[in-house]
Structures are given as C-alpha cells and as structure tokens.
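Below is one structure; the comments refer to it alone.
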There are 2 protein chains.
Amino acid sequence: MRADARRNYERLLAAAEELFRRDGTEASLEEVARTAGVGIGTLYRHFPNRDALLEALLREQFEGLRAAAERLTELPPEQALTELLVLFTERITQYRGLPASALAVLRTPGSALYEACHAMNDAGQRLVEHLQRAGVVRADVPARDVLALAASVAWLGEQSGDLEQRERLLRVVTDGFSARSS
Amino acid sequence: MRADARRNYERLLAAAEELFRRDGTEASLEEVARTAGVGIGTLYRHFPNRDALLEALLREQFEGLRAAAERLTELPPEQALTELLVLFTERITQYRGLPASALAVLRTPGSALYEACHAMNDAGQRLVEHLQRAGVVRADVPARDVLALAASVAWLGEQSGDLEQRERLLRVVTDGFSARSS
DNA sequence: ACCTGAACACCGTTCAAGT
DNA sequence: ACCTGAACACCGTTCAAGT
C-alpha cells in the first residue's frame, strides 16, 4: 500500500473509533471522513461499507472473546456461565448499537464481520453445550439462546443507561438458564 | 375541526398504521404524508412529531394493557406473571422498533405517549410488587426490571425474527424472576 | 383554519475527473 | 493507485405563500 494510502487508512480508523464511541455504530460516515480529513470517496475505497469499518475495529476483540470462551471450559462449570456472560457483555457494549449490529452480521454470512462474529458465537455455544452436559445449564433450551439473551440485556443497558440494572438482569438471566430452573 | 382537516387526519393515521406496520416506528414521515395524499406540512400540523403519531395509534392499546395488568391481580399469582409478560410482549411487538420507542418515551416525560406508557408500566410494576409480596417473584430485584427485560426479549425477537426463541426466552426470564431462583 | 411545497440542513453511496 | 467532490436519491423539519 502506498504511504499516503496507509496514512489515510489509519486516520479513517482512528476517526471511526472516535465517532462510533461517541455516536454508536450508526455514526455518520461522512463525518468520519471529514474528521479523518479525507474525501468521502476515500473512505469508501478503503472500507466498502460500514461493516468493513466495524470489522477492522472489532475483529481482534471478537477473536479474543472466542479464545476466552474456549478457555472457560477449564473453569468449574458453576463459574463458567457467569464469566462468559460478563466477558461477552463487556465487548458487545463497546459501541452503542453493537448488539443490534452483531445480531445483523450473524444473519448475513457474506458480511465483513461475519467470520469473527460467528466464530465467537460458536465458541460461546460450545461452552454452553458443555455446561448443559455438565448439568449446570438447563438442557431444554438451545445453547444459542444464551448469548442471544445476553445481547438483548446489553441492548437494554444501552437504552436505559442503567448499568446496575444490567448487572441485576444478567444475574436474573443466569439464574433463568441454571439447570435448577427447568 | 373542519371536515377536510378531519379527513386528512384520518388519512394520515391510516397511512402511518400501514407504514409503521411495514417499516417499523422509524418509517419515513415523508412517505406517510405521500401515502396519505397530503403535503408534508399537513402531517406536521396534525402531528408535531413522530411520537404524536405513535400516541394516536397506541394510546388505547397501552390503556388496555394497563387495565389488564390491574385485573391480573385477581389471578392465582403463579399464572399472573406469565400472563403479564405474554400480554405485554404482544403489544410491544406491534411495530418493529416499538420496544426501543417505548423505552425512549418512558425516559422523556414531556412526550406524547408518556402518560399512557407510564401508566401501563406503573400498573405492571404494581402487579409485580404484589407478586413479590405473595412470594412468587423474587424480591431481591426491583419490580421495574421485569417489564424492562420483557421489552428486551421483544427487541431480540425483532432482530432474529425467531418467534419460538422469543417464547423460550420468555420462559427462561419468567423462571429467572421466580422466587425459587433467588 | 388549514394546506402546500420549496427551502435548509443533513444523510449514504457512486463515479467521472483529476494527480 | 489513489484521491476528490459533485451528483443523485433520499431524509426530517420549518415556514412563507396561498386558499
């Protein structure tokens, strides 16, 4: 990549980080380009769509989450579910709108973030299935429901801005998925 | 109201119903006006903002939900929570985006839908408090958390389009709020 | 009273023209 | 190769001019 192109790429990423953090995943791309001091066409050249920008910003984090989910298999099963939900919620609340974006990405296999997002989700599911076999998570519900409900609690936190509520509800949800609830 | 004004009002309402149902609560207001066969200015004259339109469409339904929540106090407490969540979820999924809109309305006391939404939410909370005193809902969590979590499950249903998942998660959530979970 | 639509300030996205 | 910004097709919202 040409030096000026590389510089533009970095500037766009930094601007996107800043504006996604401020305005959420639906931040204006024109403002991202303006903030980066670059023409709007340059943004589209480097990142053909919003998803590509998200991917560049989040791939590593999702990858880390996937790895973490795999490591959690070693933990005592009683702690693993709580730990998974805490880690997942942390990441998915990075930017406002991310729970919605992640769910959308998961439903569109072609998208830029799909790989990382799907791998993470899969690892989470495998952990949950492991916990179901261990008898600590109820088995009358598919494993994929767990992260889905966690994402929806994360979404609620965005809307209400009440982080204590989010913590409480994460506990309620954990209890709801506990095997003794079924 | 003048006859032509009344007619425009009705047309706008019908168009909004149709487009909210098709596109969700963020449907284009310009398209609503176009569909109604009316200038955009006329829409704004009758409904100063999107919320006013929502209010005209939903006030009665929210009012009905409030009344229903009050009647549920008569039910055996074991059934009341499930029943409340089912009724609430039905209404709040009327239009895509409504869970988000309702939460937003609840946070802006001046808004058009605030009264009806708040009254409904309050009635729901009182029912939950009643169930907490009856010992069927866990008491270590504020009553307002219950409808909030139900709204977030409703939101998830919008995103995934998986209605069976929504039903399952409503059960998980109900179990999570059950007194034997705390 | 009420209606209309042009006007303004924004978007996302594409693409011809430039270097 | 890469960058730029005008162009197009949309928004939400206001308000002067009309009836």
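The figures here come from the full heavy-atom set of this structure, side chains too, leaving out hydrogens, waters and symmetry mates. Here is the naming used below: chain letters follow the sequence lines, and residue numbers restart at 1 for every chain.
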Problem set entry | Per-nucleotide protein contact string for nucleotides 11-18 of chain C, where B marks a base within reach and S marks sugar-phosphate only (heavy atoms under 4.0 Å, - for neither) | BBBBB---
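Distances shown here put every side-chain N or O of A/N8 at or beyond 4.0 Å from the OP1 or OP2 atom of D/dC2. One finds no side-chain N or O of A/R2 lying less than 4.0 angstrom from the OP1 or OP2 phosphate oxygen of D/dA1. Dashed line: the shortest gap from a side-chain N or O of A/H46 to OP1 or OP2 of D/dC3 is under 4.0 Å.
In this structure, B/R11 places its CZ atom 13 Å from C1' of C/dC3, rounding to the nearest Å. Protein atom CG of A/D4 is 8 Å distant from nucleotide atom C1' of D/dC3, rounded to whole Å.
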For this session: Could you go through the side-chain contact (heavy atoms from CB on, under 4.5 Å) check for B/R166 and B/T93 one step at a time?
Result: CA-CA 11 Å; B/R166 199 182 75 195; B/T93 52; 3.5 Å; yes
For this session: Would you sort out whether B/L54 and B/F20 count as a side-chain contact (heavy atoms from CB on, under 4.5 Å), showing the intermediate values?
Result: CA-CA 9 Å; B/L54 264 184; B/F20 282 12; 3.7 Å; yes
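Applying the 6.0 Å contact sphere to CD of B/Q94 captures more than 12 heavy atoms from other residues, nucleotides or ligands. More than 12 heavy atoms of other residues, nucleotides or ligands sit less than 6.0 Å from atom CD of A/Q61. More than 12 heavy atoms of other residues, nucleotides or ligands sit less than 6.0 Å from atom CD of A/E70.
Helical stems in DNA chain D, defined as runs of 3 or more consecutive Watson-Crick or G-U wobble pairs with donor-acceptor distances under 3.5 Å: C:4-8 with D:12-16, C:12-16 with D:4-8.
The aromatic rings of B/W155 and A/W155 lie parallel to each other, their planes meeting at an angle below 30°, with 60° marking the opposite boundary.
Under the 3.5 Å distance criterion, the side-chain polar atoms of A/S178 are matched with a main-chain donor or acceptor of A/R180. Checking side-chain atoms of B/T174 against main-chain N and O of B/L170 turns up a donor-acceptor pair under 3.5 Å.
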